[in-house]
Structure formats: C-alpha cells, structure tokens
Amino acid sequence: MPVSPEAKFQNGLMLELEGLVEKEVDRHLSMAKEWFPHQYVPWGQGTDFDGPLGGTGWTPEDSKLSTEARESLIVNLLTEDNLPGYHRAIAEVFGREGAWGFWVNRWTAEENRHGIVIRDYLTVTRAVDPIALERARMHHMQEGYEAQHGTEFLHGAAYVSFQELATRVAHRNTGMASGDPICEQMLTRVAADENLHMIFYRNLLGGALEVAPNETMKAITEVVKTFQMPGHGIEGFLRKSVIIANAGIYDLRLHHDDVLRPVLRKLGVFEMEGLSGEGERAREELGAFLDELDAAATKFETRREERRARQAARAASNA
C-alpha cells in the first residue's frame with residue numbers, strides 16, 4: 001500500500017526529532033521525583049462502607065468539601081480514569097519504538113498514580129458518594145476516548161502541550177479550593193507531575209517549530225481554536241464545568257492567561273521569523289482568536305462579579 005505524502009512528512013519529521021526526544025527523556029528522568037500514592041492518603045480517617053463488610057453507607061453529611069471542590073475533584077478523577085484511552089491515542093501518534101515508545105510508557109505509568117491517589121483520598125475521607133463515583137467512571141470509560149485530531153503528530157504534540165498545563169492548573173486550584181491541607185498537598189504533588197509532562201511536550205513542540213515552522217504553526221492554531229479538556233465527555237460535564245468556572249478553579253481567564261499565553265510565549269510564536277504565507281496566516285488567525293478569548297474572559301469575569309454581588313446583597317438582607 002503506497003504511503004501518502006502526509007504520512008511521509010510525519011514520519012520524516014518524527015525521525016528528525018528523535019534525538020530531541022531522547023534528550024527530553026533524559027532531562028525528564030533527571031528531574032522527576034519518585035513518590036508513592038499511599039503516603040498522601042489519610043488512611044486513619046477511613047471506615048468500612050455498607051455492602052459485604054457491613055459498614056456505614058455514605059451520606060452527603062460525610063463530605064467536608066464544598067460543592068465546587070467536590071465537583072472539581074470528581075471531574076479531575078474521571079478525567080484521569082480514561083488513561084487507557086489516552087495511552088492508546090498517544091501510542092498511535094508517537095509509536096512504540098525507541099525513545100518515543102519509552103516516553104509513551106513512562107508517561108502512562110506516571111499518570112496512573114494520579115487516579116490512584118485521588119480515588120483513595122476521596123474514598124477514605126468519604127468526600128463523595130462512592131457508588132455514584134463508580135457509576136460515573138463506568139459510564140465515562142465505556143464512552144471511550146478519541147483524540148480530536150486523530151493520529152496527526154503535530155496536532156497531538158500541540159494539544160498535549162496545552163492540555164498538560166491546563167490539567168496542572170486545574171489540580172493545583174482544586175487543592176487550594178478544597179480547604180483541606182491534605183488534599184492540597186496531594187494535588188500539589190500531582191500537579192508537579194503534570195508540569196514536567198508539559199515541559200516535555202512543549203519542548204518537543206518547540207523542536208517541531210524549528211524543523212517545520214509553517215505546518216507546526218498551523219497545527220497550533222487549529223488546536224488552540226478547538227481546544228477541549230480531555231474529560232469533556234464526562235456525563236454532566238457542562239454543568240460541572242460551569243460550577244468550576246464560577247468558583248474560579250478553571251475558567252476562560254485562567255485558560256487564556258495561565259495556559260495558552262505561557263506556552264505560546266515560551267515558544268516565541270509571535271516573535272519567530274521565516275514563516276511563509278500559510279504559516280503567517282495561521283499566526284494572524286491565532287492572534288485574533290486570543291484577542292477574542294481575552295474579551296470573552298473579561299465578559300465572564302464581569303458577569304461573575306455582578307452575580308456574586310447580588311448574592312452577597314441578598315444574604316445581607318436576609319441576615
């Protein structure tokens with residue numbers, strides 16, 4: 001079967017970037033710190049649940065978390081649960097050979113710790129309904145995961161560069177919103193992993209910009225304009241994301257200021273030279289989209305503050 005020009009380009013690009021991947025793997029391994037999920041879980045708070053062990057069933061009063069923190073933790077965990085789908089997707093993009101394959105497996109192993117520790121924390125502290133959580137996990141994983149841009153290498157590299165940073169921000173802010181020092185410590189540890197993963201992918205994307213600037217710029221623009229968090233398929237995701245955004249855990253402003261802009265700034269996309277017509281058009285399109293997103297974020301913030309002011313006024317009048 002003949003190989004398409006697109007496949008030839010992608011294979012050639014990956015071959016040219018393999019040395020960079022080897023370098024980034026070594027850098028990652030030198031910086032990654034070994035840690036153990038069981039050390040971050042307050043096991044002494046645990047009690048048996050109803051069922052075969054004859055314990056006490058969960059009630060909403062068991063949870064010490066706010067609704068916002070609880071919903072965010074559920075979204076974060078269900079997102080981590082779909083790791084088998086992410087592993088398949090990234091393996092289809094990066095392959096299973098050499099440094100590429102080593103990274104795919106190493107990344108998967110590190111990511112797996114996140115779901116383990118968050119689930120153990122939520123169960124031991126009775127922070128969420130464990131039956132509802134398990135049913136949500138089953139539903140979400142049964143839906144599966146398909147990468148938005150399929151097996152396109154440049155789109156995949158661009159997506160994970162932004163997604164890993166978005167996940168780091170979401171975990172870190174969820175920990176701070178939890179009001180529980182144990183939860184915050186746990187999610188700070190998880191976020192540290194996500195940050196190292198982001199650096200790996202961002203540096204890979206930077207290498208692609210040097211080798212194939214126009215194609216990479218086009219991929220970056222398309223990914224930024226269509227970006228969705230990997231957990232968008234979670235049942236009730238829209239309602240949960242609104243709660244999370246209203247709480248300031250993850251919203252348009254954070255997405256614009258703390259995710260998209262830092263990655264693009266580090267890559268120097270608006271300063272780089274040598275783009276041709278197609279690449280330059282993509283960069284202009286990217287700049288225009290960021291301006292629109294910035295305006296939408298400001299509009300959301302204004303409405304949120306107005307809503308909070310009205311709620312505070314009602315609470316004061318009822319006091």
Side-chain angles (χ1 to χ4, degrees), residues 68-90 93 107-108 110-112 114-115 118-119 133 136-137 139-150 152 155-178 187 190-191 193-195 197-198 200-202 205 219-264 289-290 292-294 296-297 300 304:
E68 295 80 6
R70 188 162 57 247
E71 293 288 6
S72 189
L73 274 160
I74 290 171
V75 168
N76 290 1
L77 175 55
L78 294 178
T79 299
E80 299 286 357
D81 277 332
N82 243 354
L83 181 61
Y86 310 148
H87 174 82
R88 175 184 53 77
I90 198 171
V93 173
W107 173 85
T108 303
E110 291 185 5
E111 285 286 339
N112 195 38
H114 304 167
I118 297 173
R119 173 167 284 98
L133 181 64
R137 184 192 69 83
H139 180 274
H140 184 46
M141 292 191 69
Q142 284 172 184
E143 292 296 309
Y145 174 78
E146 293 296 330
Q148 193 168 4
H149 298 284
E152 292 290 330
H155 290 78
Y159 178 77
V160 290
S161 297
F162 298 112
Q163 181 269 322
E164 292 285 358
L165 183 51
T167 305
R168 187 199 83 176
V169 171
H171 282 311
R172 190 72 185 88
N173 288 349
T174 299
M176 291 188 289
S178 71
L187 290 179
V190 170
D193 278 1
E194 305 289 12
N195 193 59
H197 296 164
M198 177 275 294
F200 178 96
Y201 292 125
R202 187 192 64 196
L205 189 61
I220 289 172
T221 298
E222 291 175 357
V223 165
V224 168
K225 292 185 67 176
T226 60
F227 183 87
Q228 288 181 306
M229 292 293 271
H232 66 86
I234 293 170
E235 190 172 24
F237 180 78
L238 179 59
R239 179 187 65 81
K240 294 178 186 298
S241 63
V242 169
I243 293 173
I244 292 167
N246 283 333
I249 295 173
Y250 195 92
D251 56 22
L252 287 178
R253 175 56 60 203
L254 288 166
H255 185 63
H256 177 275
D257 290 1
D258 293 0
V259 176
L260 298 181
R261 283 292 186 183
V263 172
L264 296 173
F289 176 80
L290 290 173
E292 294 172 4
L293 184 63
D294 185 34
F300 175 81
R304 182 172 60 192

*asked:* As a quick check of understanding, evaluate side-chain contact (heavy atoms from CB on, under 4.5 Å) for H87 and E111, giving each step before the final call.
replied: CA-CA 10 Å; H87 174 82; E111 285 286 339; over 6 Å; no
At their closest point, which heavy atom of [X] faces which heavy atom of [Y], and how far apart are they?
X: R261; Y: D257; answer: CB-O, 4.0 Å
X: S161; Y: V263; answer: O-CG2, 4.1 Å
X: V75; Y: I234; answer: O-CD1, 3.7 Å
X: A166; Y: V259; answer: CA-CG2, 3.7 Å
X: I249; Y: L254; answer: O-CD1, 3.3 Å
X: E152; Y: V93; answer: O-CG1, 4.2 Å

Value rounded to 0.5 Å, distance of [atom1] in [X] from [atom2] in [Y]:
X: Y201; Y: W107; atom1: OH; atom2: CH2; result: 5.5 Å
X: L165; Y: H255; atom1: CG; atom2: NE2; result: 10.0 Å
X: L264; Y: H256; atom1: CG; atom2: NE2; result: 9.0 Å
X: N173; Y: L187; atom1: CG; atom2: CG; result: 10.5 Å
X: L73; Y: I244; atom1: CG; atom2: CD1; result: 9.0 Å
X: H114; Y: N76; atom1: NE2; atom2: CG; result: 11.5 Å

*Set of residues satisfying side-chain hydrogen bond (donor to acceptor under 3.5 Å, both in side chains) with respect to D294, sequence neighbours excluded*: R253
*Under the side-chain contact (heavy atoms from CB on, under 4.5 Å) rule, what do I90 and Y159 come out as? Steps first, then yes or no, please.*
CA-CA 11 Å; I90 198 171; Y159 178 77; over 6 Å; no
_Modelled atom types, side-chain donor and acceptor of T167 and Q163, under 3.5 Å_ = yes
*If you measure only the distance, is there a donor-acceptor pair under 3.5 Å linking the side chains of H197 and E110?*
yes
With a 4.5 Å limit on heavy-atom distance, are the side chains of [X] and [Y] in contact?
X: R137; Y: L77; value: no
X: F162; Y: V224; value: yes
X: T108; Y: Y86; value: no

Enumerate donor-acceptor pairs with a distance under 3.5 Å from any side-chain N or O in residues 140-148 to protein atoms, sequence neighbours excluded.
{"from": "H140", "atom 1": "NE2", "to": "N82", "atom 2": "ND2", "distance (Å)": "3.2"}
{"from": "Q148", "atom 1": "NE2", "to": "T226", "atom 2": "O", "distance (Å)": "3.2"}

*Taking the side chain from S72 and the backbone from A69, do they hold a donor-acceptor pair closer than 3.5 Å?*
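Absent.
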*Kindly indicate, with the supporting measurements, whether the criterion salt bridge (charged side-chain N to carboxylate O under 4.0 Å, His left out) is fulfilled by E164 and R202.*
CA-CA 10 Å; E164 292 285 358; R202 187 192 64 196; over 6 Å; no
*Salt bridge R172-E194, side-chain N to carboxylate O under 4.0 Å*: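 No.
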*May I have the step-by-step check of side-chain contact (heavy atoms from CB on, under 4.5 Å) for N246 and F300, ending in yes or no?*
CA-CA 9 Å; N246 283 333; F300 175 81; 3.6 Å; yes
*Which residues satisfy the salt bridge (Lys or Arg N to Asp or Glu O under 4.0 Å) test with D258, sequence neighbours excluded?*
none
*Determine, step by step, whether Y250 and T174 satisfy the side-chain contact (heavy atoms from CB on, under 4.5 Å) criterion, reporting the C-alpha distance in whole Å, the side-chain angles of both residues, the deciding distance to 0.1 Å, and the verdict.*
CA-CA 9 Å; Y250 195 92; T174 299; over 6 Å; no
